[in-house]
Amino acid sequence: MWELLSDCLLDSLKDCALMLPVLFLAYLLMEFIEKRAGEKLNQTVAKVGAAGPALGGLLGAIPQCGFSAAIAGFYAAGIVTLGTLLSVFLSTSDEMLPILISSRIAPAEIVKILLFKVVGGILAGFIIDLVLRLIKRQRATGSEHIHDFCEQENCECEENIWISALKHTVKVIIMIFVLTFIINVIFGQWGADFFRGIITNIPVLGEALMALIGLIPNCSASVLITELYVEGVVSAGQMMAGLMANAGVGLLVLFRLNKKVRENLMIVGLLYLCAVVLGVFTTLIW
């Protein structure tokens, strides 16, 4: 048991160490926008926000989970739209790509999987933003929202952008470390065999179950889902549903920074629904 705990502790420290630079740079950028850029960037931010799902879908495919955490912070600060947030969450690949490559999956199949995730995330993001604009529920974006966010977080953003960014990063990374350690212990105790027993080949149900596993806010979930696919335990559609629902630690950061609990739950519901639909669609055309 002590060996398991020590291994989980080391793994959690490693995960957080890899994530730390991404989070710090993201918060540093937010502080810079709030203090140095001011109102001149309002229109620019709004324009980028409109095209955000396309950029977010592409960046989310980078095999690391730090960006999903960063984009959650951007959303909480009012920098990006909901569609952009979900496009990143859906396309986030975490550890998928390294595992597929190391498992000697055919390059053409890997490219196909990545395209499905990226295109699915981008389309879902644009559709969500379009619907919100049509019903006039899209919230505004701009640097003034970063100021509100900083006040909400009780950071002294005016003193020094480096110190303020460090304060934000420390708050979030401590939370991520604690929860990552807990989840790693759970995975280490029961392993993949526990989850194999609850995954079936029943249409739609399989995708729905895998998407639930994907909602586990940890990079380990993407490892498990990808390994199950490599070993032939789940289909491509079930894997896609699980990986699209898996936003790494992005959901943890979202709940930590965005104080609107109902809105956060709605986002989780949208993420889950999109993941299941895209997973079923993948099963039909794969």
Side-chain angles (χ1 to χ4, degrees), residues 48-61 65 67-94 96 116-141 145 149 179 204-219 221-222 225 237-284:
V48 172
L55 181 60
L58 292 172
L59 292 177
C65 56
F67 191 68
S68 67
I71 205 69
F74 285 148
Y75 178 79
I79 300 176
V80 300
T81 64
L82 177 59
T84 301
L85 175 72
L86 285 174
S87 71
V88 173
F89 280 4
L90 289 167
S91 65
T92 292
S93 60
D94 289 347
M96 177 194 76
F116 268 58
K117 282 180 63 62
V118 170
V119 173
I122 291 174
L123 288 178
F126 275 123
I127 291 172
I128 289 168
D129 275 352
L130 176 61
V131 171
L132 289 177
R133 282 195 295 270
L134 289 176
I135 64 177
K136 299 180 179 180
R137 293 292 297 274
Q138 185 71 284
R139 66 178 185 176
T141 57
H145 296 287
F149 170 76
L179 291 175
V204 182
L205 180 58
E207 286 81 2
L209 288 174
M210 287 300 292
L212 280 177
I213 294 175
L215 287 178
I216 297 173
N218 186 270
C219 299
S222 68
I225 294 167
Q238 292 169 350
M239 175 197 67
M240 199 66 66
L243 291 177
M244 285 188 163
N246 182 248
V249 296
L251 289 177
L252 294 180
V253 177
L254 179 68
F255 274 87
R256 165 64 180 80
L257 299 180
N258 189 30
K259 305 303 181 183
K260 301 176 181 177
V261 178
R262 290 181 62 183
E263 180 180 327
N264 293 339
L265 293 175
M266 179 271 293
I267 292 172
V268 173
L270 273 176
L271 177 63
Y272 178 76
L273 178 61
C274 289
V276 173
V277 170
L278 290 169
V280 172
F281 180 73
T282 300
T283 299
L284 294 175

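By convention here, the first residue in the shown sequence is residue 1. Please read all numbers here as calculations on a predicted model, not as lab measurements.
- Separating the CZ atom in Phe255 from the NZ atom in Lys260 is a distance of 14.0 Å, to the nearest 0.5 Å.
- The CG atom of Leu271 sits 9.0 Å away from the CG atom of Asn246 when rounded to the nearest 0.5 Å.
- The distance from the CD1 atom of Ile71 to the OG1 atom of Thr92 is 9.0 Å, given to the nearest 0.5 Å.
- In this structure, Gly57 and Ile122 approach most closely via the heavy-atom pair CA-CG1, 3.8 Å.
- At distances below 3.5 Å, not a single donor-acceptor pair connects side-chain atoms of Thr84 with backbone N or O atoms of Gly56.
- Closest approach of Glu207 and Val276 over heavy atoms only: O-CG2, 4.3 Å.
- Nearest heavy-atom pair, Tyr272 versus Ala208, reported as atom, atom and distance to 0.1 Å: OH-O, 3.0 Å.
- Of the inter-residue distances, the one linking Asn258 atom CG with Leu251 atom CG reads 11.5 Å to the nearest 0.5 angstrom.
- Shown here for Ile267 and Tyr75, the closest heavy-atom pair between the two residues is CD1-CE2, 3.7 Å.
- Within a 6.0 Å sphere centred on CZ of Phe281, heavy atoms belonging to other residues, nucleotides or ligands number 12 at most.
- Judged by distance alone, the side chain of Lys117 and the main-chain N or O of Leu90 form a donor-acceptor pair under 3.5 Å.
- A distance-only check finds no donor-acceptor pair linking the side chain of Asn264 to the backbone of Lys259 [under 3.5 Å].
- The CD1 atom of Ile213 sits 12.5 Å away from the OG atom of Ser222 when rounded to the nearest 0.5 Å.
- Among all heavy-atom pairs drawn from Ser87 and Gly125, the shortest one is CB-CA, 4.3 Å.
- Of all heavy-atom pairs between Ser68 and Ala247, the closest is OG-O, 2.7 Å.
- Within the 4.5 Å cutoff, the side chain of Val80 has no heavy atoms near those of the Val88 side chain.
- Atoms CD1 and CE, from Ile225 and Met244 in turn, are 12.0 Å apart once rounded to the nearest 0.5 Å.
- Between Leu82 and Met266 there is a side-chain heavy-atom pair separated by less than 4.5 Å.
- Looking at heavy atoms from C-beta onward, Leu134 lies in side-chain contact with Leu130 at the 4.5 angstrom threshold.
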